[in-house]
Structures are given as C-alpha cells and as structure tokens.
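Beneath this line is the structure, given in structure tokens, with notes to follow.
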Amino acid sequence: MRPLFFEWPDDPAVWTAPTQWLLGDDILVAPVLEEGATEWSVYLPETPEGEWADAWTGDRITGGGTGTVPTPIDRIPVFVRGDSIDELLALFRE
C-alpha cells in the first residue's frame, strides 16, 4: 500500500488526491470518506498503457484525468491499471 506520488512524483494532480493509494503496482483504491455519498471524484494518473478499468464493472477509462464514479454502499472505487486489467479483473468477479 503506497501513495500515488511514489509512482507519479512529477504529476501535480496526485498531490490533490491524497486519500487515494495503490495496492501493489496495478490496483488504485479511492476510499469514500463522506457518509451517504452516492458518487465520488477519482483521479486516474496517466499510464504507459493508457487506460484503467473499473474493477467492479470492467469499464475502461483513459488515465490522466479526474472523473466521477457511482459509489453504492457496498462498493469502494477500485481501478486496475493497463496490462493487468484482464488478469486482475477476474479477482473481482469471483
């Protein structure tokens, strides 16, 4: 578990997303910190692979920007990076 700025120290936007963190090399977790929130703003850094995937839905998202994702009570925003998408998404489906 490590902060985003360890991986992207030159990306100024990671400094505005201090509660997001990486689990290993390829999983980004964006915990929801407001009671009753139904959506949450998430920053996905740019990656050499170019994209991330929502771990729960499989939706692919281009990195390098901030977006809003739905946050039902039973689902923390989790994203899988580029080359690991196919391998790691299976873990969230089993």
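As the structure is a prediction and not an experimental result, all values here were calculated from the model. Sequential numbering from 1 along the given sequence is applied to the chain's residues.
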Q. If you group Ile, Leu, Val, Met, Phe, Trp and Tyr by side-chain heavy-atom gaps below 4.5 Å, do Leu44 and Val29 land in one group?
A. no
Q. Less than 4.5 Å apart, any side-chain heavy atom of Phe6 and any of Leu22?
A. no
Q.
Could you check whether atom CD of Glu46 has more than 12 heavy atoms from other residues, nucleotides or ligands sitting under 6.0 Å from it?
A. no
Q. If two hydrophobic side chains count as joined below 4.5 Å and joins carry through other members, does Val42 share a cluster with Val32?
A. yes
Q) What is the distance from atom CG of Asp26 to atom CG of Leu88, rounded to the nearest 0.5 Å? A) 6.0 Å
(Q) Quick check on the hydrophobic clustering: are Met1 and Leu91 connected, directly or via other members, by side-chain heavy-atom contacts under 4.5 Å? (A) yes
Q. Do side-chain atoms of Arg2 reach the backbone of Gly24 as a donor and acceptor pair under 3.5 angstrom?
A. yes
Q | Enclosure of Ile73 CD1 (heavy-atom neighbours >12, cutoff 6.0 Å) | A | no
Q) Is there a side-chain contact between Arg60 and Ile85, using heavy atoms and a 4.5 Å cut-off? A) yes
Q. Do the side chains of Trp21 and Pro31 get nearer than 4.5 Å, heavy atoms only?
A. yes
(Q) Please tell me whether Val14 and Trp52 are part of a single hydrophobic cluster in this structure, the criterion being side-chain heavy atoms less than 4.5 Å apart. (A) yes
**Q.** Name of the residue among Glu51, Glu87, Glu7 meeting salt bridge (Lys or Arg N to Asp or Glu O under 4.0 Å) with Arg81
**A.** Glu7
Q. Tell me, do Thr57 and Arg75 make a side-chain contact under 4.5 Å, heavy atoms counted?
A. yes
Q) Hey, are the side chains of Ser84 and Asp25 touching, using non-hydrogen atoms and a 4.5 Å cut-off? A) no
Q | Heavy-atom closest contact (Asp11 atom, Pro45 atom, distance) | A | OD2-CB, 4.1 Å
Q. For the hydrophobic clusters of this structure (ILVMFWY residues joined by side-chain heavy atoms under 4.5 Å, transitively), does one cluster hold both Phe92 and Leu23?
A. yes
(Q) If you compare all heavy atoms of Tyr43 against all heavy atoms of Ala13, which two are closest, and at what distance to 0.1 Å? (A) CZ-CB, 3.4 Å
Q) So with a 6.0 Å cut-off around CD of Glu49, is the heavy-atom count from everything else above 12? A) yes
Q. Considering only heavy atoms from C-beta outward, does the side chain of Leu33 approach that of Trp40 to under 4.5 Å?
A. yes
Q: Taking Trp56 for its side chain and Ile76 for its backbone only, find out whether a donor-acceptor pair lies under 3.5 Å.
A: yes
Q.
I need the minimum non-hydrogen distance between Thr71 and Pro77, along with the two atoms involved.
A. CG2-CG, 3.7 Å
Q.
Can you give me the closest heavy-atom contact between Ala53 and Gly58, atom names plus distance?
A. CB-O, 4.2 Å
